[in-house]
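Residue numbers start from 1 in every chain, and the chains themselves are labelled A, B, ... in the order their sequence lines are given, proteins ahead of strands.
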There are 2 protein chains.
Amino acid sequence: MRKDLIDAYLAPLYSYFNGLIPLSSQEQELIAEKFRPRLYRKRQYIHQEGDVCTQLNFVIRGCLRMYKVDEKGNTHIIQFGSENKWINDLGSFHSKRISELNIDALEDTMVLQVGYDDLISMYVQAPKFDRIFRVLTENSYIAVQKRLLQNISSTAEQRYHYFLETYPELSYRLPQTQIASFLGITPEFLSRLRSQQSKKP
Amino acid sequence: MRKDLIDAYLAPLYSYFNGLIPLSSQEQELIAEKFRPRLYRKRQYIHQEGDVCTQLNFVIRGCLRMYKVDEKGNTHIIQFGSENKWINDLGSFHSKRISELNIDALEDTMVLQVGYDDLISMYVQAPKFDRIFRVLTENSYIAVQKRLLQNISSTAEQRYHYFLETYPELSYRLPQTQIASFLGITPEFLSRLRSQQSKKP
DNA sequence: ATCTAGATCAAGGGTATTTCTTGATGTAGT
DNA sequence: ACTACATCAAGAAATACCCTTGATCTAGAT
(Lines give C-alpha, C1' and ligand atoms only; values in the text may rest on other atoms or scores of the structure.)
Protein backbone atom coordinates (compact mmCIF):
# COMPACT_ATOMS: atom_id res chain seq x y z
CA MET A 1 0.00 0.00 0.00
CA ARG A 2 1.20 3.49 -0.81
CA LYS A 3 2.70 5.57 1.98
CA ASP A 4 0.43 8.58 1.50
CA LEU A 5 -2.59 6.34 1.62
CA ILE A 6 -1.43 4.78 4.86
CA ASP A 7 -0.94 8.26 6.30
CA ALA A 8 -4.49 9.16 5.36
CA TYR A 9 -5.74 6.15 7.29
CA LEU A 10 -3.60 6.99 10.30
CA ALA A 11 -4.87 10.55 10.66
CA PRO A 12 -8.07 9.62 12.55
CA LEU A 13 -6.08 7.58 15.03
CA TYR A 14 -3.64 10.43 15.62
CA SER A 15 -6.44 12.83 16.38
CA TYR A 16 -8.15 10.26 18.52
CA PHE A 17 -5.05 9.86 20.68
CA ASN A 18 -4.28 13.57 20.62
CA GLY A 19 -7.78 14.18 21.92
CA LEU A 20 -6.89 12.11 24.98
CA ILE A 21 -3.27 13.11 25.53
CA PRO A 22 -1.17 15.11 23.08
CA LEU A 23 1.44 13.02 21.32
CA SER A 24 5.03 13.87 20.42
CA SER A 25 6.11 13.31 16.85
CA GLN A 26 8.16 10.30 17.95
CA GLU A 27 5.07 8.82 19.44
CA GLN A 28 3.18 9.41 16.23
CA GLU A 29 5.94 7.69 14.34
CA LEU A 30 5.69 4.77 16.68
CA ILE A 31 2.02 4.48 15.83
CA ALA A 32 2.75 4.65 12.12
CA GLU A 33 5.24 1.87 12.59
CA LYS A 34 3.07 -0.48 14.61
CA PHE A 35 -0.44 -0.01 13.26
CA ARG A 36 -1.46 -1.53 9.95
CA PRO A 37 -4.49 -0.54 7.89
CA ARG A 38 -6.65 -3.30 6.56
CA LEU A 39 -9.86 -3.51 4.61
CA TYR A 40 -12.56 -6.00 5.53
CA ARG A 41 -15.57 -6.55 3.37
CA LYS A 42 -19.15 -6.81 4.47
CA ARG A 43 -19.72 -10.14 6.26
CA GLN A 44 -16.03 -10.85 6.53
CA TYR A 45 -14.71 -12.07 9.86
CA ILE A 46 -12.14 -9.97 11.64
CA HIS A 47 -12.00 -12.50 14.43
CA GLN A 48 -13.63 -15.86 14.93
CA GLU A 49 -14.57 -17.77 18.05
CA GLY A 50 -12.11 -20.51 18.73
CA ASP A 51 -9.17 -18.31 17.79
CA VAL A 52 -7.07 -16.28 20.15
CA CYS A 53 -7.61 -12.59 19.56
CA THR A 54 -4.19 -11.27 18.65
CA GLN A 55 -4.89 -7.70 17.67
CA LEU A 56 -6.71 -4.58 18.63
CA ASN A 57 -8.96 -2.93 16.05
CA PHE A 58 -9.63 0.75 15.55
CA VAL A 59 -12.26 1.53 12.93
CA ILE A 60 -11.43 4.17 10.33
CA ARG A 61 -14.61 3.79 8.35
CA GLY A 62 -17.41 1.29 8.08
CA CYS A 63 -18.93 -0.72 10.89
CA LEU A 64 -18.12 -3.93 12.74
CA ARG A 65 -20.04 -5.95 15.28
CA MET A 66 -18.81 -8.15 18.12
CA TYR A 67 -21.18 -10.95 19.05
CA LYS A 68 -21.64 -14.33 20.55
CA VAL A 69 -23.56 -17.20 19.02
CA ASP A 70 -25.45 -19.24 21.62
CA GLU A 71 -26.21 -22.97 21.59
CA LYS A 72 -29.44 -22.36 19.73
CA GLY A 73 -27.63 -20.49 17.02
CA ASN A 74 -28.94 -17.07 17.97
CA THR A 75 -26.49 -14.23 17.73
CA HIS A 76 -26.21 -11.65 20.49
CA ILE A 77 -24.44 -8.46 19.60
CA ILE A 78 -22.28 -7.10 22.37
CA GLN A 79 -21.04 -4.01 20.65
CA PHE A 80 -20.92 -2.15 17.37
CA GLY A 81 -17.74 -0.47 16.24
CA SER A 82 -18.11 2.36 13.75
CA GLU A 83 -15.79 5.26 12.89
CA ASN A 84 -13.27 6.11 15.60
CA LYS A 85 -14.27 3.26 17.84
CA TRP A 86 -12.26 0.38 19.23
CA ILE A 87 -13.65 -3.10 19.02
CA ASN A 88 -11.65 -5.83 20.70
CA ASP A 89 -12.03 -9.04 22.58
CA LEU A 90 -9.85 -7.82 25.43
CA GLY A 91 -10.44 -10.98 27.41
CA SER A 92 -8.88 -13.18 24.78
CA PHE A 93 -6.27 -10.61 23.80
CA HIS A 94 -4.76 -10.27 27.26
CA SER A 95 -5.22 -13.81 28.54
CA LYS A 96 -4.16 -15.28 25.19
CA ARG A 97 -6.96 -17.72 25.65
CA ILE A 98 -9.36 -18.92 23.02
CA SER A 99 -12.19 -16.50 22.41
CA GLU A 100 -15.88 -17.30 22.33
CA LEU A 101 -16.71 -14.11 20.47
CA ASN A 102 -16.86 -13.22 16.83
CA ILE A 103 -16.17 -9.93 15.15
CA ASP A 104 -17.35 -9.36 11.61
CA ALA A 105 -18.11 -6.53 9.23
CA LEU A 106 -21.59 -5.09 8.69
CA GLU A 107 -20.26 -2.82 5.96
CA ASP A 108 -17.02 -2.70 4.05
CA THR A 109 -14.73 -1.51 6.81
CA MET A 110 -11.23 -0.12 7.08
CA VAL A 111 -9.49 -0.79 10.39
CA LEU A 112 -6.11 -0.07 11.91
CA GLN A 113 -4.68 -3.05 13.75
CA VAL A 114 -1.89 -3.58 16.30
CA GLY A 115 -0.66 -7.00 17.25
CA TYR A 116 0.03 -8.00 20.84
CA ASP A 117 3.81 -7.86 20.68
CA ASP A 118 3.78 -4.56 18.87
CA LEU A 119 1.52 -3.08 21.52
CA ILE A 120 3.84 -4.25 24.27
CA SER A 121 6.79 -2.71 22.50
CA MET A 122 4.88 0.54 22.21
CA TYR A 123 4.41 0.53 25.98
CA VAL A 124 8.13 -0.02 26.45
CA GLN A 125 9.21 2.60 23.97
CA ALA A 126 6.71 5.24 25.04
CA PRO A 127 5.10 4.81 28.44
CA LYS A 128 2.53 7.42 27.53
CA PHE A 129 0.74 4.65 25.73
CA ASP A 130 0.30 2.87 29.03
CA ARG A 131 -1.77 5.77 30.17
CA ILE A 132 -3.65 6.10 26.90
CA PHE A 133 -4.65 2.46 26.82
CA ARG A 134 -5.53 2.55 30.49
CA VAL A 135 -7.97 5.36 29.77
CA LEU A 136 -9.36 3.50 26.79
CA THR A 137 -9.98 0.42 28.83
CA GLU A 138 -11.60 2.41 31.61
CA ASN A 139 -13.96 3.97 29.11
CA SER A 140 -14.84 0.62 27.63
CA TYR A 141 -15.42 -0.79 31.05
CA ILE A 142 -17.79 1.99 31.98
CA ALA A 143 -19.69 1.60 28.73
CA VAL A 144 -20.13 -2.13 29.20
CA GLN A 145 -21.28 -1.71 32.77
CA LYS A 146 -23.86 0.83 31.69
CA ARG A 147 -25.13 -1.51 29.06
CA LEU A 148 -25.32 -4.37 31.55
CA LEU A 149 -27.31 -2.28 33.95
CA GLN A 150 -29.67 -1.29 31.21
CA ASN A 151 -30.18 -4.80 30.09
CA ILE A 152 -31.16 -6.11 33.46
CA SER A 153 -33.34 -3.19 34.42
CA SER A 154 -35.17 -1.92 31.32
CA THR A 155 -37.82 -3.07 28.94
CA ALA A 156 -37.04 -3.55 25.27
CA GLU A 157 -38.78 -0.29 24.49
CA GLN A 158 -36.66 1.66 26.93
CA ARG A 159 -33.52 0.05 25.64
CA TYR A 160 -34.51 0.95 22.11
CA HIS A 161 -35.02 4.58 23.04
CA TYR A 162 -31.72 4.68 24.79
CA PHE A 163 -30.11 3.22 21.69
CA LEU A 164 -31.69 5.90 19.51
CA GLU A 165 -30.38 8.65 21.75
CA THR A 166 -26.94 7.18 22.18
CA TYR A 167 -26.29 6.07 18.62
CA PRO A 168 -28.65 8.16 16.50
CA GLU A 169 -26.42 7.70 13.50
CA LEU A 170 -26.29 3.92 13.74
CA SER A 171 -30.05 3.80 14.04
CA TYR A 172 -30.55 4.77 10.42
CA ARG A 173 -27.38 3.25 9.13
CA LEU A 174 -27.74 -0.32 10.30
CA PRO A 175 -30.41 -2.84 9.38
CA GLN A 176 -33.08 -3.27 12.03
CA THR A 177 -32.12 -6.92 12.34
CA GLN A 178 -28.76 -5.93 13.73
CA ILE A 179 -30.25 -3.40 16.08
CA ALA A 180 -32.72 -5.99 17.33
CA SER A 181 -29.90 -8.38 17.98
CA PHE A 182 -28.08 -5.66 19.91
CA LEU A 183 -31.18 -4.94 21.98
CA GLY A 184 -31.76 -8.62 22.61
CA ILE A 185 -35.12 -8.91 20.89
CA THR A 186 -36.41 -10.34 17.62
CA PRO A 187 -36.52 -8.19 14.50
CA GLU A 188 -40.29 -8.70 14.39
CA PHE A 189 -40.76 -7.34 17.85
CA LEU A 190 -38.58 -4.35 17.09
CA SER A 191 -40.67 -3.72 14.01
CA ARG A 192 -43.79 -3.68 16.19
CA LEU A 193 -42.19 -1.36 18.72
CA ARG A 194 -41.38 1.01 15.89
CA SER A 195 -44.85 0.99 14.43
CA GLN A 196 -46.48 1.63 17.82
CA GLN A 197 -43.96 4.38 18.22
CA SER A 198 -44.96 6.19 15.08
CA LYS A 199 -48.64 5.96 15.93
CA LYS A 200 -48.50 7.72 19.28
CA PRO A 201 -45.70 10.21 19.66
CA MET B 1 -16.43 -30.28 11.24
CA ARG B 2 -17.64 -33.87 11.01
CA LYS B 3 -15.27 -36.47 9.64
CA ASP B 4 -17.63 -37.76 6.96
CA LEU B 5 -18.19 -34.22 5.74
CA ILE B 6 -14.47 -33.61 5.50
CA ASP B 7 -14.11 -36.82 3.50
CA ALA B 8 -16.76 -35.63 1.08
CA TYR B 9 -14.76 -32.47 0.50
CA LEU B 10 -11.53 -34.39 0.05
CA ALA B 11 -12.88 -36.70 -2.65
CA PRO B 12 -12.41 -34.22 -5.54
CA LEU B 13 -8.81 -33.64 -4.51
CA TYR B 14 -8.10 -37.37 -4.36
CA SER B 15 -9.43 -37.89 -7.84
CA TYR B 16 -7.57 -34.85 -9.06
CA PHE B 17 -4.27 -36.23 -7.81
CA ASN B 18 -5.10 -39.77 -8.89
CA GLY B 19 -5.71 -38.42 -12.36
CA LEU B 20 -2.12 -37.23 -12.43
CA ILE B 21 -0.36 -40.04 -10.57
CA PRO B 22 -2.14 -42.82 -8.65
CA LEU B 23 -1.86 -42.42 -4.89
CA SER B 24 -1.31 -45.06 -2.23
CA SER B 25 -3.69 -45.11 0.70
CA GLN B 26 -0.95 -43.71 2.95
CA GLU B 27 -0.58 -40.82 0.59
CA GLN B 28 -4.32 -40.23 0.68
CA GLU B 29 -4.19 -40.22 4.43
CA LEU B 30 -1.42 -37.70 4.34
CA ILE B 31 -3.65 -35.45 2.27
CA ALA B 32 -6.52 -35.90 4.70
CA GLU B 33 -4.19 -34.90 7.49
CA LYS B 34 -2.71 -31.81 5.91
CA PHE B 35 -5.53 -30.26 3.89
CA ARG B 36 -8.31 -28.33 5.60
CA PRO B 37 -11.69 -27.47 4.09
CA ARG B 38 -12.90 -23.94 4.47
CA LEU B 39 -15.93 -22.01 3.29
CA TYR B 40 -15.64 -18.48 1.98
CA ARG B 41 -18.65 -16.37 1.23
CA LYS B 42 -19.15 -14.25 -1.84
CA ARG B 43 -16.91 -11.15 -1.73
CA GLN B 44 -14.72 -12.49 1.06
CA TYR B 45 -10.98 -12.31 0.79
CA ILE B 46 -9.04 -15.53 0.78
CA HIS B 47 -5.82 -13.55 0.53
CA GLN B 48 -5.06 -9.86 0.60
CA GLU B 49 -2.27 -7.81 -0.87
CA GLY B 50 0.23 -6.82 1.76
CA ASP B 51 0.07 -10.25 3.39
CA VAL B 52 2.36 -13.16 2.75
CA CYS B 53 0.49 -15.95 1.02
CA THR B 54 0.80 -18.89 3.38
CA GLN B 55 -1.42 -21.48 1.81
CA LEU B 56 -2.36 -23.14 -1.42
CA ASN B 57 -6.02 -23.27 -2.40
CA PHE B 58 -7.86 -25.99 -4.26
CA VAL B 59 -11.46 -25.17 -5.11
CA ILE B 60 -14.10 -27.78 -4.30
CA ARG B 61 -17.05 -25.68 -5.38
CA GLY B 62 -17.72 -22.07 -6.12
CA CYS B 63 -15.41 -19.62 -7.83
CA LEU B 64 -12.51 -17.40 -6.80
CA ARG B 65 -10.57 -14.74 -8.62
CA MET B 66 -6.97 -13.61 -8.27
CA TYR B 67 -6.33 -10.01 -9.20
CA LYS B 68 -4.24 -6.95 -8.83
CA VAL B 69 -5.48 -3.45 -8.15
CA ASP B 70 -3.47 -0.80 -9.98
CA GLU B 71 -2.67 2.75 -8.85
CA LYS B 72 -5.82 4.03 -10.50
CA GLY B 73 -7.91 1.56 -8.57
CA ASN B 74 -8.72 -0.64 -11.54
CA THR B 75 -8.73 -4.35 -10.91
CA HIS B 76 -7.08 -6.74 -13.29
CA ILE B 77 -8.05 -10.36 -12.99
CA ILE B 78 -5.19 -12.74 -13.50
CA GLN B 79 -7.05 -15.97 -13.06
CA PHE B 80 -10.34 -17.50 -12.07
CA GLY B 81 -10.43 -20.61 -9.93
CA SER B 82 -13.56 -22.72 -10.14
CA GLU B 83 -14.16 -26.39 -9.29
CA ASN B 84 -11.02 -28.54 -9.32
CA LYS B 85 -8.69 -25.63 -9.96
CA TRP B 86 -5.78 -24.34 -7.95
CA ILE B 87 -5.50 -20.66 -7.28
CA ASN B 88 -2.38 -19.47 -5.51
CA ASP B 89 0.04 -16.62 -5.35
CA LEU B 90 3.01 -18.90 -5.81
CA GLY B 91 5.41 -15.96 -5.91
CA SER B 92 4.54 -14.89 -2.41
CA PHE B 93 4.07 -18.43 -1.14
CA HIS B 94 7.54 -19.61 -2.04
CA SER B 95 9.50 -16.43 -1.47
CA LYS B 96 7.58 -15.67 1.72
CA ARG B 97 7.49 -12.10 0.54
CA ILE B 98 4.58 -9.74 0.76
CA SER B 99 2.10 -10.25 -2.03
CA GLU B 100 0.65 -7.61 -4.30
CA LEU B 101 -2.24 -9.80 -5.34
CA ASN B 102 -5.67 -10.38 -3.91
CA ILE B 103 -7.81 -13.48 -3.99
CA ASP B 104 -11.49 -13.23 -3.23
CA ALA B 105 -14.71 -15.14 -3.77
CA LEU B 106 -17.12 -14.46 -6.64
CA GLU B 107 -19.53 -17.02 -5.24
CA ASP B 108 -19.80 -18.84 -1.94
CA THR B 109 -16.81 -21.12 -2.28
CA MET B 110 -15.47 -24.18 -0.53
CA VAL B 111 -11.70 -24.65 -0.73
CA LEU B 112 -9.14 -27.09 0.56
CA GLN B 113 -6.04 -25.42 1.94
CA VAL B 114 -2.53 -26.53 2.83
CA GLY B 115 -0.14 -24.33 4.74
CA TYR B 116 3.50 -23.97 3.78
CA ASP B 117 4.99 -26.13 6.54
CA ASP B 118 2.43 -28.85 5.98
CA LEU B 119 3.23 -28.92 2.29
CA ILE B 120 6.93 -29.27 3.04
CA SER B 121 6.25 -32.10 5.40
CA MET B 122 4.18 -33.81 2.71
CA TYR B 123 7.18 -33.65 0.37
CA VAL B 124 9.36 -35.18 3.04
CA GLN B 125 6.94 -37.93 3.96
CA ALA B 126 5.96 -38.84 0.42
CA PRO B 127 8.26 -37.67 -2.35
CA LYS B 128 5.58 -38.45 -4.90
CA PHE B 129 4.11 -35.11 -3.97
CA ASP B 130 7.25 -33.44 -5.23
CA ARG B 131 6.44 -34.80 -8.63
CA ILE B 132 2.76 -33.98 -8.38
CA PHE B 133 3.35 -30.39 -7.45
CA ARG B 134 6.05 -30.08 -10.06
CA VAL B 135 3.53 -31.10 -12.68
CA LEU B 136 0.96 -28.72 -11.27
CA THR B 137 3.36 -25.83 -11.39
CA GLU B 138 4.40 -26.68 -14.95
CA ASN B 139 0.77 -26.68 -16.00
CA SER B 140 0.15 -23.36 -14.35
CA TYR B 141 3.24 -21.94 -15.95
CA ILE B 142 2.13 -23.03 -19.37
CA ALA B 143 -1.33 -21.61 -18.86
CA VAL B 144 0.00 -18.24 -17.75
CA GLN B 145 2.39 -18.07 -20.67
CA LYS B 146 -0.42 -18.81 -23.07
CA ARG B 147 -2.49 -16.09 -21.54
CA LEU B 148 0.39 -13.64 -21.75
CA LEU B 149 0.93 -14.41 -25.39
CA GLN B 150 -2.73 -13.93 -26.10
CA ASN B 151 -2.82 -10.65 -24.31
CA ILE B 152 0.01 -9.11 -26.23
CA SER B 153 -1.05 -10.45 -29.61
CA SER B 154 -4.83 -10.46 -29.85
CA THR B 155 -7.68 -8.00 -30.01
CA ALA B 156 -10.29 -7.90 -27.30
CA GLU B 157 -12.72 -9.71 -29.56
CA GLN B 158 -10.30 -12.56 -30.19
CA ARG B 159 -9.55 -12.84 -26.51
CA TYR B 160 -13.23 -12.96 -25.74
CA HIS B 161 -13.79 -15.77 -28.20
CA TYR B 162 -10.91 -17.67 -26.79
CA PHE B 163 -12.37 -17.21 -23.35
CA LEU B 164 -15.73 -18.55 -24.50
CA GLU B 165 -14.11 -21.64 -25.97
CA THR B 166 -11.80 -22.26 -23.07
CA TYR B 167 -14.19 -21.57 -20.22
CA PRO B 168 -17.65 -22.00 -21.72
CA GLU B 169 -19.07 -22.72 -18.32
CA LEU B 170 -17.66 -19.60 -16.66
CA SER B 171 -19.01 -17.48 -19.47
CA TYR B 172 -22.58 -17.90 -18.34
CA ARG B 173 -21.82 -18.33 -14.71
CA LEU B 174 -19.87 -15.15 -13.99
CA PRO B 175 -21.02 -11.54 -14.29
CA GLN B 176 -19.85 -9.82 -17.45
CA THR B 177 -18.01 -7.28 -15.32
CA GLN B 178 -15.67 -9.98 -14.10
CA ILE B 179 -15.14 -11.37 -17.55
CA ALA B 180 -14.36 -7.90 -18.85
CA SER B 181 -11.82 -7.44 -16.10
CA PHE B 182 -10.25 -10.76 -17.02
CA LEU B 183 -10.08 -9.77 -20.68
CA GLY B 184 -8.64 -6.37 -19.81
CA ILE B 185 -11.47 -4.26 -21.23
CA THR B 186 -14.33 -2.24 -19.79
CA PRO B 187 -17.68 -3.88 -19.12
CA GLU B 188 -19.25 -1.44 -21.57
CA PHE B 189 -16.97 -2.50 -24.35
CA LEU B 190 -17.61 -6.15 -23.65
CA SER B 191 -21.32 -5.45 -23.78
CA ARG B 192 -20.85 -3.93 -27.24
CA LEU B 193 -18.77 -6.85 -28.45
CA ARG B 194 -21.53 -9.15 -27.36
CA SER B 195 -24.29 -7.22 -29.07
CA GLN B 196 -22.34 -7.05 -32.37
CA GLN B 197 -21.77 -10.74 -31.90
CA SER B 198 -25.42 -11.60 -31.70
CA LYS B 199 -26.24 -9.50 -34.76
CA LYS B 200 -23.87 -11.27 -37.16
CA PRO B 201 -23.20 -14.88 -36.23
C1' DA C 1 -6.54 13.55 -41.74
C1' DT C 2 -9.24 9.91 -40.52
C1' DC C 3 -10.19 5.24 -39.19
C1' DT C 4 -10.09 1.77 -35.61
C1' DA C 5 -10.03 -0.17 -31.07
C1' DG C 6 -11.05 0.96 -27.14
C1' DA C 7 -12.07 4.29 -22.84
C1' DT C 8 -15.14 7.32 -20.07
C1' DC C 9 -19.35 9.17 -18.34
C1' DA C 10 -24.23 9.18 -17.62
C1' DA C 11 -28.60 7.21 -17.53
C1' DG C 12 -32.15 3.58 -17.67
C1' DG C 13 -33.99 -0.86 -16.89
C1' DG C 14 -34.03 -5.53 -14.98
C1' DT C 15 -33.40 -8.80 -11.49
C1' DA C 16 -31.86 -10.78 -7.35
C1' DT C 17 -31.05 -10.21 -2.63
C1' DT C 18 -31.87 -8.10 1.68
C1' DT C 19 -34.64 -6.03 4.79
C1' DC C 20 -39.05 -4.70 6.88
C1' DT C 21 -43.72 -5.41 8.11
C1' DT C 22 -47.85 -7.80 9.34
C1' DG C 23 -50.87 -11.51 10.83
C1' DA C 24 -51.54 -15.55 13.41
C1' DT C 25 -50.33 -18.12 17.19
C1' DG C 26 -47.56 -19.53 21.32
C1' DT C 27 -45.45 -19.00 26.06
C1' DA C 28 -43.58 -17.64 30.57
C1' DG C 29 -44.14 -14.94 34.36
C1' DT C 30 -47.00 -11.80 37.30
C1' DA D 1 -55.83 -13.59 32.15
C1' DC D 2 -52.74 -9.85 31.11
C1' DT D 3 -48.08 -8.26 29.72
C1' DA D 4 -43.92 -8.67 27.26
C1' DC D 5 -42.06 -11.02 24.35
C1' DA D 6 -41.04 -15.29 20.80
C1' DT D 7 -41.92 -18.09 16.52
C1' DC D 8 -43.40 -19.00 11.87
C1' DA D 9 -44.98 -17.68 7.36
C1' DA D 10 -45.70 -14.69 3.65
C1' DG D 11 -45.72 -10.39 1.15
C1' DA D 12 -44.11 -5.78 0.30
C1' DA D 13 -40.56 -2.50 0.01
C1' DA D 14 -36.01 -1.10 -0.53
C1' DT D 15 -31.44 -1.78 -2.17
C1' DA D 16 -27.74 -3.46 -4.58
C1' DC D 17 -25.97 -5.40 -8.49
C1' DC D 18 -25.64 -6.09 -13.30
C1' DC D 19 -26.31 -5.11 -18.17
C1' DT D 20 -27.11 -2.19 -21.96
C1' DT D 21 -27.08 1.92 -24.71
C1' DG D 22 -26.00 6.60 -26.26
C1' DA D 23 -22.79 10.29 -26.48
C1' DT D 24 -18.32 11.80 -26.52
C1' DC D 25 -13.17 11.21 -26.35
C1' DT D 26 -8.30 9.48 -27.42
C1' DA D 27 -4.15 7.24 -29.17
C1' DG D 28 -2.10 4.87 -32.57
C1' DA D 29 -2.18 2.94 -37.38
C1' DT D 30 -2.94 4.05 -42.20
*Whole-Å distance between C/dT4 C1' and B/I185 CD1?*
15 Å

*Does B/E188 pair with B/R192 as a salt bridge, N-O distance under 4.0 Å?*
no

*Are any of the side-chain nitrogens in B/D104 or B/R43 under 4.0 Å away from the carboxylate oxygens of its partner?*
no

*Pair A/E83 + A/R173: basic N to acidic O under 4.0 Å*: yes

*With heavy atoms under 4.0 Å as the rule, sort B/R41 into base, sugar-phosphate or nothing.*
nothing

*In whole angstrom, give the distance that lies between atom CG of B/L193 and atom P of D/dC19.*
14 Å

*From the options C/dA7, C/dT19, D/dC5, select the nucleotide whose nearest atom is closest to the side chain of A/T177.*
C/dT19

*Could you tell me the separation between the CD atom of A/E107 and the C1' atom of C/dT19, rounded to a whole number of Å?*
15 Å

*Please state how far atom CG in B/N74 lies from atom P in C/dA7, giving the value in whole angstrom units.*
10 Å

_Closest listed nucleotide, where the reference is the side chain of A/R43 and the choices are C/dT18, D/dC5, C/dG6_ = C/dT18

*Report the relative orientation of the aromatic rings in A/Y167 and A/F182; use parallel for angles under 30°, tilted for 30 to 60°, perpendicular for over 60°.*
perpendicular

*asked:* In whole Å, I'd like the distance from the OH atom of A/Y160 to the P atom of D/dA4.
replied: 18 Å

*Tell me: CZ of B/R173 to P of D/dC17, nearest whole Å?*
20 Å

*Do the side-chain N or O atoms of A/R192 get closer than 4.0 angstrom to the phosphate oxygens (OP1, OP2) of D/dT3?*
no

*Considering only side-chain heavy atoms of A/S191, which listed nucleotide, C/dT22, C/dG6, C/dT19, is closest?*
C/dT22

*Can you find a side chain N or O atom of A/T186 that sits less than 4.0 Å from OP1 or OP2 on D/dA6?*
yes

*Is any side-chain heavy atom of A/V111 closer than 4.5 Å to a side-chain heavy atom of A/I87?*
no

*Position toward the 5' end of DNA chain D (nearest nucleotide), A/K42 or A/S154*: A/S154

_side-chain N/O B/R194 vs D/dT21 OP1/OP2, d < 4.0 Å_ = no

_If I pick the C1' atom on C/dA16 and the same atom on D/dT21, what distance separates them, to the nearest angstrom?_
22 Å

*Which part of the nucleic acid does A/L190 contact within heavy-atom distance under 4.0 Å: base, sugar-phosphate only, or nothing?*
nothing

*Say you pick atom P in D/dC18 and the same atom in C/dT19; how far apart are they, in whole Å?*
16 Å

*Out of C/dG6, D/dC8, D/dA4, which has the shortest distance to the side chain of A/E188?*
D/dC8

*Provide, to the nearest angstrom, the distance between the CZ atom belonging to B/F189 and the P atom belonging to C/dT4.*
13 Å

*To the nearest Å, how far apart are A/D70 CG and D/dA6 P?*
13 Å

